[in-house]
Number of protein chains: 2
Amino acid sequence: MSGTTRRRPTHRKGRATLTRESVGEAALAYLGEHGAAALTMRSLAAELGVSARALYNYVDDRRDLVAVAAGIFQAGWRPPRLDPAPGAWRASLGAFCADLRAHYRRHPGMTTLALSENVTMAGHPVMLRNVDALIGFYAAVGLTPADAYRACMETVRLVVGFVEFEDAPRDRPPAHLDPGDLQAHPPPWLRTDEDDALSHLAAVAELAPDSADTRFAFAVEVFTEGLAARRRSA
Amino acid sequence: MSGTTRRRPTHRKGRATLTRESVGEAALAYLGEHGAAALTMRSLAAELGVSARALYNYVDDRRDLVAVAAGIFQAGWRPPRLDPAPGAWRASLGAFCADLRAHYRRHPGMTTLALSENVTMAGHPVMLRNVDALIGFYAAVGLTPADAYRACMETVRLVVGFVEFEDAPRDRPPAHLDPGDLQAHPPPWLRTDEDDALSHLAAVAELAPDSADTRFAFAVEVFTEGLAARRRSA
DNA sequence: ACCTGAACACCGTTCAAGT
DNA sequence: ACCTGAACACCGTTCAAGT
């Protein structure tokens, strides 16, 4: 036996040795590059220059692979600082939400994949720190501890839901959809010819179209003002 | 040729003849019974006593099948009446959201399936009427037309997002998760031992646990008050 | 017109065998 | 310890042939 600790080899057959983390990182990168549907055990193995069976030495199954990728995804977010001062907290919260939205948009399909594979999108220590900071922010703003926790969960849900339902279809347009329809306002599935029966809908069609950013800002502002009202009435 | 119009046969080989609608209804029922993962072309065909190939005479592909099922799902909702009167609109909106939530919970996995298959969850005439009524409600409450439209979209997103992220995992617990963890508060992935560093999170753990209904009510109330504030400031 | 059964090109996962 | 290649039981989808 040598006196020095035996080091795991960092390379094998001219290829970097795999680890649970490196496999997860590769999955996350592959996801961002080729989309969720293209991420299979076989395709990822091929990308890594290895047989599909080899991946099972590092992850339990496909679900576990997605879970590892989701953890790495979350750890990659550094949130902007939150300022609970009376004149600053609204703008601060808005910037926080916008930044979180941008992070999720960088990896379209990550959330859908996690949902369909029943992976809970959380658990990384870095994310715990972010959640803790957000709860603290809400408490400092004037919410009760219980409401601060609820507001924290609702914040994440608002942002993730918006990305999932609004941004994802536009950022990675499905092949079967006319790209023009995605920009249309109102969306094509809301168009109708029975103007008499659906008068409000017809009126909306006359308005100048909203951008996704405008709709996101609306959602965040309404949420923010709702919290402000809740704080006053407490 | 007979003088009477030829009627399509309603049965074939002792089995009801298939139609695009009946196949979609069967898919929706199968989804509610066995979950989204179990719904395959082959399993649905077997349920209908037919070969997998036969389904392709009525739907283009799996995506189309999900789209038909989604349409039938939406058509099956009769929303409660909305009352925009000053003293009634908040409670009215709350009941509307609670009813919509209950409808989505009746078919867990429908939304996730639609998302992963890139199916836009809308388009049925009945749903158009509901959307129109909701926009009219918000306009009557005092929102501008543009805001009424945004609020309508945000309402649906709030409810569907809540069902997707909160209710679905509990209503159809994934096999790999400890059922007890789903009731836990805070959720297991938020638990930590580094109490010193994550003080706010630790404080939350001391609180009485929230029910999903409580969290949903919080989300709807915050949204409602946010809209009320937006109306006043307009 | 509508069906069946076989087939194709894929999956995730496992087994037996290599080094 | 970690890999490969073949195999198994599935998918969605299509083809050729039946009635």
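Letters A, B, ... are given to chains in the order of the sequence lines, protein chains preceding strands, and every chain is numbered from 1. These values consider heavy atoms only, across backbone and side chains, with no hydrogens, waters or symmetry-generated copies.
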Peer 1: Closer than 4.0 angstrom, basic N to acidic O: yes or no for Arg106(B) and Asp171(B)?
Peer 2: no

Peer 1: Identify, between Ser43(A) and Asp60(A), the residue whose nearest nucleotide on DNA chain C lies closer to the 5' end.
Peer 2: Ser43(A)

Peer 1: Side-chain atoms of residues 130-138 of chain B: list all donor-acceptor pairs with protein atoms under 3.5 Å, sequence neighbours left out, distances to 0.1 Å.
Peer 2:
unit_1    : atom_1 : unit_2    : atom_2 : d
Asp132(B) : OD1    : His200(A) : N      : 3.1
Asp132(B) : OD1    : Leu201(A) : N      : 2.6
Tyr138(B) : OH     : Thr155(B) : OG1    : 2.7

Peer 1: Within this structure, what is the CG-to-P distance between Asp61(B) and dC11(D), rounded to whole angstrom?
Peer 2: 17 Å

Peer 1: Which stems, defined as runs of 3 or more consecutive Watson-Crick or G-U wobble pairs with both pairing distances under 3.5 Å, involve DNA chain C?
Peer 2: C:4-8 with D:12-16, C:12-16 with D:4-8

Peer 1: Look at the side chain of Arg62(B) and decide which nucleotide, out of dT13(D), dT4(C), dT4(D), has an atom nearest to it.
Peer 2: dT13(D)

Peer 1: Taking the six-membered ring of Phe162(A) as reference, does the cationic atom of Arg215(A) (NZ for Lys, CZ for Arg) lie under 6.0 Å from its centre and within 45° of its axis?
Peer 2: no

Peer 1: If you look at every strand shown and take non-hydrogen atoms under 4.0 Å, does Arg53(A) touch a base, only sugar-phosphate, or nothing?
Peer 2: base

Peer 1: Rounded to whole Å, please give me the gap between CE in Met41(A) and P in dC3(D).
Peer 2: 13 Å

Peer 1: Would Asp64(B) and Arg20(B) pass as an ion pair if we require N to O under 4.0 Å?
Peer 2: yes

Peer 1: Hey, is Glu164(A) close enough to Arg157(B) for a salt bridge, meaning N to O under 4.0 Å?
Peer 2: no

Peer 1: OP1, OP2 of dA1(C) versus side-chain N and O of Asn57(B): anything below 4.0 Å?
Peer 2: no

Peer 1: Tell me: CG of Leu44(A) to C1' of dG12(C), nearest whole Å?
Peer 2: 13 Å

Peer 1: One thing to verify: whether Arg150(B) and Glu154(B) come together as a salt bridge, which I'm taking to mean a side-chain N less than 4.0 angstrom from a carboxylate O.
Peer 2: no

Peer 1: If I take atom CG in residue Leu65(B) and atom C1' in nucleotide dT13(D), what distance separates them, rounded to the nearest angstrom?
Peer 2: 14 Å

Peer 1: Among dC3(C), dT14(D), dT13(C), which is the nearest nucleotide to the side chain of Tyr56(B)?
Peer 2: dT14(D)

Peer 1: Would you say dC3(C) has OP1 or OP2 under 4.0 Å from some side-chain N or O of Tyr58(B)?
Peer 2: yes

Peer 1: So which of residues 27-40 of chain A are in contact with DNA chain C, with a heavy-atom cut-off of under 4.0 Å?
Peer 2: Thr40(A)

Peer 1: Could you state the CD-C1' distance from Glu117(A) to dC11(C), rounded to the nearest angstrom?
Peer 2: 12 Å

Peer 1: Mapping Arg42(A) and Ala54(A) to their closest nucleotides on DNA chain D, which lands nearer the 5' end?
Peer 2: Ala54(A)

Peer 1: If every non-hydrogen atom of Ile72(A) is compared with every non-hydrogen atom of Glu21(A), which pair is closest and at what distance?
Peer 2: CD1-O, 3.6 Å

Peer 1: Mind checking the CZ-CZ spacing from Arg42(B) to Arg53(B)? Nearest 0.5 Å is all I need.
Peer 2: 13.0 Å

Peer 1: How are the rings of His103(A) and Phe73(A) set to each other: parallel, tilted or perpendicular (split at 30° and 60°)?
Peer 2: parallel

Peer 1: What's the CG-P distance between Asp64(B) and dG12(D), to the nearest Å?
Peer 2: 14 Å

Peer 1: How many Å lie between CG on Leu55(A) and C1' on dC11(C), as a whole number?
Peer 2: 14 Å

